[in-house]
Every structure is written in C-alpha cells, then in structure tokens.
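Structure record follows, encoded as structure tokens.
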Amino acid sequence: MTDHILWQPAEEDVRATAMYQFMVDMNAKHDLTMASYLDLWQWSVDDLELFWTEIWEYFDVIGEKPTADMLTGRMPNAHWGRGAKVNYAQNVLRHAREMADQEAIIGLDESLNRTALTWKQLNEHVGAFADYLRSIGVRPGDVVAAAMPNIPQAIVGLLGSAAVGAIWSVVNVDFGVTGIVSRFQQLQPTVLITIDALELGGTLRDQTDDLDALLAHLDSVKHHILVENARTGVSETVAELVATHEVTTTRYDDIIAQPREPKFEPVDFSHPLWVLYSSGTTGTPKGIVQGHGGTVLEIAKSFGLHYRVPKGAPVYISTSTTWMLWNMQVAVLIIGAKAVTYSGAVFAGGPGRQFEILANERVAFYGCGAAILTGVQESEFIPRDHYDLSHLTDMLVSASPLPARTWRWVYDTVNPDIRLRSDSGGTDVCSVFVGSNPMDPVRINELMGPHLGVAADVYDEHGRPVTEQVGELVITKPMPTMPLYFWNDDDGARYRDAYFSQDPHIWYHGDFATKTERLSFVIHGRSDATLNRGGIRMGSSDLYQVVDALEEVTASMVIGAELDEGGYYMPLFVVPRDPKADPEAVKAKVIETIRTELSPRYVPDEVIIAPGVPMTKTGKLMEVPIKRVFQGMTPEKVATETAADPDVLEWFLNYAANYPK
C-alpha cells in the first residue's frame with residue numbers, strides 16, 4: 001500500500017480533538033498509557049462492554065442505565081443494554097434549551113429557497129407532531145411511513161415518531177409507487193406521510209397521483225398527513241382523494257400550528273427505532289430493524305469523537321432519505337451541529353451546485369457519495385475558483401471507493417487544508433466499520449482504520465486473518481447497531497444467512513478488502529462482485545482505479561460471471577469521454593493500460609463500449625444484478641426503480657440477457 005500522505009494534522013490540532021481528550025480521560029480513569037488512535041481502538045475492542053459503558057457515561061446519555069451487563073452473548077444473539085430505558089429523540093434534542101434561538105435545521109429546495117428551524121421551533125414541532133400521533137391512536141411499535149425527500153419536515157417526522165416509540169420508515173419519492181410499495185407493504189404502516197410536489201430537475205413534479213396509487217396498495221394505512229412542500233394548493237383535492245380510500249387526512253402545517261413541548265416515551269434499549277432497507281436490486285428489499293439505545297450510543301461515539309464538528313457548525317450531507325447517510329444527517333443534531341438539507345438535483349444549474357451550497361451556508365463538514373466528486377472532476381469545474389471554501393474542514397466520502405486521482409483533485413481544487421475522509425460501513429448497521437479519525441494522516445485510497453468499538457478484520461477463504469492480502473471484511477465482535485432483526489424474519493433465518501452463513505459467530509459483510517501492516521484498510525468492492533478468474537480473486541475497484549484515470553474514459557464497469565460447465569466471462573464496459581472517438585482505439589488503449597499498469601490477469605475477455613454504467617440512486621455500481629443476468633437470471637427480477645438511470649440499466653439488462661449462455 002502507498003505511504004504517500006496527502007494531509008496530516010498538526011500535533012496541537014490532534015491534542016485539541018475530543019477523541020484525544022477522551023483518550024486522556026480514559027488513561028487517567030483506568031490507569032492506562034494509550035498514546036495513539038490504534039491504542040485507543042485496541043482498548044475499545046478488547047473490552048467492548050467497558051468501552052460502550054464509558055460512551056454512555058462520557059456523553060451523558062439521557063435515560064435509565066442498564067440493570068445488567070451492557071453486553072451479553074455472542075453474535076448473532078448478542079444482547080445490549082438489558083434493563084435500560086432510553087429514547088432516541090430525547091437524546092437528539094438535548095440542546096433545544098441552551099441553543100433555543102440558534103438555527104438547528106436549514107431546508108434548501110432546488111431553487112435554493114431557504115427555510116430555517118431554530119432549536120426551539122424544532123423541539124416544539126416535534127412535540128406537536130408526537131402529540132398528534134398519540135391523538136390518532138399511534139402507540140409504541142406502530143409504524144409511521146413517509147414517502148418524502150430530504151426536507152426538514154422529514155426530520156420532524158422521524159423525531160416525532162421516535163418520541164412516541166413508533167417505528168419510522170422513509171423512502172424517497174424518486175423510487176416511484178412500485179419501489180415505495182415494495183418496502184412499505186411489508187411493514188403494514190398505520191400512518192402515511194406524503195408531499196404535494198417537489199421541484200426536481202427544473203420541473204415541479206406533482207405527487208398526487210402517486211398518493212392515490214400508494215393508498216390503493218397500502219390497505220393498513222388509517223391516517224394520512226400531507227406536507228405542502230411546494231405550496232401547490234392541492235389540500236382539498238388530496239382530502240377528497242384520501243376519503244375514497246376511507247382514510248383520514250391532516251395537513252402537516254395544521255399539526256404543528258400549536259407548539260408543544262415534547263413528551264418522550266422511555267422505551268427499552270432494543271426497542272425498534274426505524275426500518276432501513278437492503279438494495280432490493282434483485283428481489284424484495286429486506287427490512288433492517290435497528291434500535292433506540294444502540295443508535296444513540298453509535299451516533300454519540302461517531303459525532304462526539306470521530307467527526308470533529310463544533311457545536312453550531314453547519315453540516316451538509318448530500319443524500320436522499322432512503323440512504324443511511326440521511327440518518328447520519330439527522331444524527332449531527334446530537335452534538336448541537338446544524339443540519340443542512342437539500343431536496344433538489346445534485347447538479348442543478350451546473351456542476352458547481354454542491355459547492356454553491358457549501359459556500360452559501362458556510363458548511364464545515366460535507367458528506368457525499370464518491371460519484372458526486374468524480375462527476376464534478378469530469379466536468380473540469382474548479383470549485384475554489386468560484387467559491388470561498390475556507391470554512392470547509394472535513395469532507396466525508398462514502399458509497400463507493402474514491403479514485404486516486406479524485407483524492408488528489410480534492411486537495412488541488414477544493415481546499416488544500418481539509419481532512420478528506422473515506423468511510424465504509426453499511427445500511428445493515430447504519431454506521432461505519434472502517435474509516436477515518438481525527439488523529440491520523442490522510443493517505444490515498446486508504447481508510448485510516450477500524451472505528452472505535454468495531455472489531456474489524458480481513459479473513460482469507462479459510463477463515464484466517466490475513467494482512468497485506470485481499471480477503472473478506474469481517475466483524476468478529478458485536479456492534480450495538482447490528483440489526484435487532486429483519487422484518488418478517490421470525491426465526492432469524494434470513495438474518496443469519498445474510499451475514500453468518502460462513503461462520504455462525506463472525507459477521508461477513510460482503511466487502512472485498514485488504515488490511516495493511518499499520519491497520520489501515522483498502523476496500524476493493526463487493527465480494528459478490530469479485531473477479532475470480534482461474535481461482536485468483538481480484539478486486540474490481542483496482543481495475544477501476546486504472547481505467548477510470550484514462551483521459552479517454554469517463555466510467556467503467558467490469559463483470560465476472562461464472563457460466564455453465566465451468567466457463568467464466570469477464571467483460572469490461574467503458575464509457576468514452578468523446579462519443580465520436582474511434583471505439584477500437586479506445587479499447588486498445590484500455591487493454592494496454594490494464595496490462596502495463598495493473599496486471600495481464602486483469603485484461604478482460606472483451607471491452608464493450610457502453611452508453612453509461614448502471615448505478616443505484618445512492619451511487620453504487622449495479623455489478624451484481626448484471627452479473628446474475630449474465631448467469632441466467634431473468635431481467636424482470638432486477639428492480640429498475642433502484643437505478644439512477646433506468647435507460648442505462650435497461651441497456652445492460654438487454655445485453656446480458658442476449659449473451660449466449
């Protein structure tokens with residue numbers, strides 16, 4: 001692995017971090033001599049129960065402490081916080097009194113119209129929303145579902161539902177009726193929240209017809225709430241429509257018109273908080289259930305220690321409500337940071353939109369998918385030439401590995417004095433396995449190490465730990481945000497099959513990774529998309545780093561498909577920068593570059609010119625469903641609503657389906 005350091009914090013800056021102070025305090029309290037991040041991490045996983053107990057104490061979690069051990073049992077049957085009572089919303093809103101008149105949430109639409117909620121207003125809106133839910137009979141364990149974009153009202157909906165002890169689930173409106181129904185129908189929600197319309201891609205998209213279709217499929221819904229996001233004046237029309245389904249409806253604005261101090265239901269540590277979803281690209285999405293207590297501990301650790309965000313500082317995460325980064329965006333409130341939401345198109349008005357938001361709101365911490373940064377880089381837009389980004393101290397990149405050239409690009413064109421963070425976790429735990437910390441330097445392509453309290457390792461095909469060798473990313477000890485269960489998985493069989501099929505007590509996450517001698521990590525891509533030619537396993541991201549760096553190429557995707565009778569087909573799809581370029585010349589350049597800069601082993605069976613590469617709405621390559629169609633699965637089983645560009649996905653499905661088996 002490279003030892004090239006892109007950026008390194010000054011010693012005085014390290015000592016000023018909350019993580020360093022936490023380490024000093026733990027040294028004093030437990031007579032330890034920890035001096036580095038790795039020392040602190042090792043202590044955190046050697047005694048998980050003590051570590052998480054200290055997180056509860058250090059961040060003064062509001063609630064009743066466990067009456068038994070913080071952790072009992074082994075994965076997948078580990079139990080956390082027995083006897084504890086806690087409420088997620090109460091802990092997130094802990095700063096409402098002391099910061100009453102300061103901004104807590106900023107809402108921006110595609111035209112950059114700005115709305116703001118102070119901490120006092122947020123607190124009172126949550127109280128009013130929770131009071132309304134109770135008035136219509138919502139009780140702990142009932143499901144509140146929302147088809148909403150990334151707007152402040154969605155945050156109020158989550159916090160209000162959590163205050164009651166109801167289970168929250170949200171899906172972004174761009175999933176369409178089919179995608180929303182496939183997720184919500186299994187939950188049997190009592191309450192459905194929708195919007196009137198959304199400005200996206202330069203047009204105002206009405207959501208009324210979708211509401212009619214949603215209610216036709218979701219017969220468990222008894223109450224509807226209308227958020228007049230675009231002020232289109234359709235509330236009477238919506239009321240008439242909803243009435244035909246024998247469902248009551250209420251305007252969100254009427255609910256919050258009477259401010260109320262929230263009442264928080266104390267629930268068990270492992271009481272369900274929300275349901276997130278697996279990608280669902282090749283079947284019904286799995287409902288992943290996480291709890292109040294584990295989530296509170298995790299966000300206190302992450303935003304209290306790993307992410308250096310001062311109280312009151314603006315945080316903007318470019319995300320949709322369906323992605324777990326939205327849950328992280330809400331989580332910034334626990335440290336008193338300000339959450340900036342944006343519901344418009346990523347590149348509305350041009351490639352600089354994201355940096356326009358960062359400049360206008362003087363954002364300190366920015367989170368996004370790797371595809372956003374590579375997209376801006378490809379456009380040749382230079383952010384620092386247009387905007388003052390001196391206040392931006394941290395940039396968090398997730399969803400997929402960031403190309404090496406883009407790591408350098410950030411320092412050259414955004415801000416030379418920034419901590420570029422790359423973290424890898426998952427919706428499965430709504431948190432991070434391996435990633436960044438505020439004490440170590442930034443190196444190209446490397447994630448600094450496991451997060452505190454995460455016993456991450458890399459195993460070979462025989463289940464043995466390996467270093468400086470590609471293998472499977474595994475977690476060997478429990479995490480408090482591991483799923484309580486999958487929805488409609490009463491015996492836990494689907495849960496065990498998802499993570500514990502290779503070892504009954506080791507979590508196999510499905511990522512292909514390398515652990516270095518200094519305990520940093522490199523993520524090579526999903527292991528179910530691994531290239532395995534002639535018994536040699538190779539990471540697809542290694543190939544992308546080389547191919548996507550070519551001036552002739554804007555994007556690429558490789559497939560490794562095991563075919564009948566022992567056959568193996570490894571095509572590489574490339575998208576030329578110049579659509580008029582000689583395709584044979586592009587192919588020849590790609591093959592020669594792979595052969596000389598990577599390895600002849602990576603040279604594909606075929607290079608195919610494609611109109612784009614299929615990606616999910618969260619910026620992840622759809623390698624696995626395309627691979628499965630090559631192997632004989634019918635294209636109809638691939639969920640097109642998950643794709644960022646359904647036309648590109650359809651091109652690939654047709655190509656794969658017509659490949660001679």
#### Entry: Criterion side-chain contact (heavy atoms from CB on, under 4.5 Å) on D423 and L396, from CA distance to verdict
CA-CA 7 Å; D423 285 5; L396 171 66; 3.5 Å; yes
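- Across all their heavy atoms, L305 and P438 have their closest contact at O-CG, 3.6 Å.
- T514 places none of its side-chain heavy atoms less than 4.5 Å from the side chain of V458.
- Ring pair H306/H451 is parallel by interplanar angle, where below 30° counts as parallel and above 60° as perpendicular.
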### Query
Does the pair W487 and K286 meet the rule for a side-chain contact (heavy atoms from CB on, under 4.5 Å), with working shown?
CA-CA 7 Å; W487 200 269; K286 295 187 288 288; over 6 Å; no
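- Electrostatic pairing of D412 and R408 does not count as a salt bridge here, judged by no charged N lying under 4.0 Å from a carboxylate O.
- Counting heavy atoms from C-beta on, the side chains of D460 and Q469 come closer than 4.5 Å.
- With sequence neighbours excluded, no residue satisfies ring pair (Phe, Tyr, Trp, His ring centres under 6.0 Å) with F521.
- In this structure, W41 has no ring pair (Phe, Tyr, Trp, His ring centres under 6.0 Å) partners at least two apart in sequence or on a different chain.
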### Query
Are Q290 and N327 close enough, and set up right, to give a side-chain hydrogen bond (donor to acceptor under 3.5 Å, both in side chains), and what steps lead you there?
CA-CA 12 Å; Q290 283 138 2; N327 302 73; over 6 Å; no
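- Taking all atoms of both residues into account, the shortest heavy-atom contact from Y277 to P285 is CB-CB, 4.1 Å.
- Taking CD1 of I444 as the start and CH2 of W407 as the end, the distance is 8.0 Å to the nearest 0.5 Å.
- For the pair P450 and A456, the tightest heavy-atom approach, listed with the atom from each and the gap, is CB-CB, 4.1 Å.
- Side-chain atoms of V61 and N91, non-hydrogen and from C-beta on, do get closer than 4.5 Å to each other.
- Proximity of L473 to F512: side-chain heavy atoms (C-beta onward) are nowhere separated by under 4.5 Å.
- The minimum heavy-atom distance between M615 and A371, with the atom names listed, is CE-CB, 4.1 Å.
- Shown here for V309 and I335, the closest heavy-atom pair between the two residues is O-CD1, 3.5 Å.
- Using cut-offs of 30° and 60° on the angle between ring planes, the pair H509 and Y499 is parallel.
- Atom CD1 of residue I288 and atom CE of residue M482 lie 12.5 Å apart, to the nearest 0.5 angstrom.
- Counted by atom type alone, S431 and T481 present one or more donor-acceptor pairs between their side chains at under 3.5 Å.
- For the salt bridge (charged side-chain N to carboxylate O under 4.0 Å, His left out) condition, the pairs that include at least one residue of residues 31-54, sequence neighbours left out, are K29-E54.
- Applying the salt bridge (charged side-chain N to carboxylate O under 4.0 Å, His left out) test to residues at least two apart or on different chains, the pairs with a partner in residues 72-86 are K85-D268.
- For H292 (side chain) and Y88 (main-chain N/O), a donor-acceptor pair under 3.5 Å exists by modelled atom type.
- Using modelled atom types, one finds a donor on one side chain and an acceptor on the other under 3.5 Å when comparing Q329 with N150.
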### Message
Would V14 and E12 count as a side-chain contact (heavy atoms from CB on, under 4.5 Å) here? Give the steps.
### Response
CA-CA 5 Å; V14 170; E12 60 268 24; over 6 Å; no
### Criterion salt bridge (Lys or Arg N to Asp or Glu O under 4.0 Å) on K515 and E468, from CA distance to verdict
CA-CA 6 Å; K515 178 183 67 176; E468 301 291 352; over 6 Å; no
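- Ring geometry, F500 versus W507: the interplanar angle exceeds 60°, so the pair is classed perpendicular (tilted spans 30 to 60°).
- M479 is not listed as a side-chain neighbour of L48, based on a closest heavy-atom distance of 4.5 Å or more.
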### Query
Would T516 and T467 satisfy side-chain contact (heavy atoms from CB on, under 4.5 Å), going step by step from the backbone distance to the final call?
CA-CA 6 Å; T516 73; T467 301; 5.8 Å; no
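- Counting heavy atoms from C-beta on, the side chains of I5 and V442 never come closer than 4.5 Å.
- Applying the side-chain hydrogen bond (donor to acceptor under 3.5 Å, both in side chains) criterion to T406, with sequence neighbours excluded, gives Q377.
- Residues that satisfy the ring pair (Phe, Tyr, Trp, His ring centres under 6.0 Å) test with Y366, not counting sequence neighbours, are Y316.
- Applying the side-chain hydrogen bond (donor to acceptor under 3.5 Å, both in side chains) rule to Y58 yields the partners D25; only residues at least two apart in sequence or on another chain are considered.
- Residues Y459 and D503 fail the side-chain proximity criterion, which asks for heavy atoms closer than 4.5 Å.
- Of all non-hydrogen atoms in V363 and I357, the two that sit nearest each other are CG2-O, 4.2 Å.
- Not counting sequence neighbours, Y342 has no partner by the ring pair (Phe, Tyr, Trp, His ring centres under 6.0 Å) test.
- Legend: residues meeting salt bridge (Lys or Arg N to Asp or Glu O under 4.0 Å) with E11, ordered by chain and number and at least two apart, are R15.
- The side-chain hydrogen bond (donor to acceptor under 3.5 Å, both in side chains) search around R421 returns D394, S436, not counting sequence neighbours.
- Judged as a salt bridge (charged side-chain N to carboxylate O under 4.0 Å, His left out), the pairs with a partner in residues 310-338 (not counting sequence neighbours) are, in order, E98-K311, E103-K338.
- V346 is listed as a side-chain neighbour of Q354, based on a closest heavy-atom distance under 4.5 Å.
- Using a distance-only test at 3.5 Å, with no hydrogens or angles considered, no donor-acceptor pair links the side chain of N172 to the main chain of S320.
- Under a 3.5 Å cut-off, the side chain of D497 and the backbone N or O of S501 do not form any donor-acceptor pair.
- Applying the salt bridge (charged side-chain N to carboxylate O under 4.0 Å, His left out) test to every pair with at least one member in residues 289-307, sequence neighbours left out, gives these pairs: E298-K301.
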### Query
Can you list the steps and then say if N437 with Y307 is a side-chain hydrogen bond (donor to acceptor under 3.5 Å, both in side chains)?
CA-CA 7 Å; N437 68 73; Y307 303 132; over 6 Å; no
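- Between the side chain of D457 and the backbone N or O of P465 there is no donor-acceptor pair closer than 3.5 Å.
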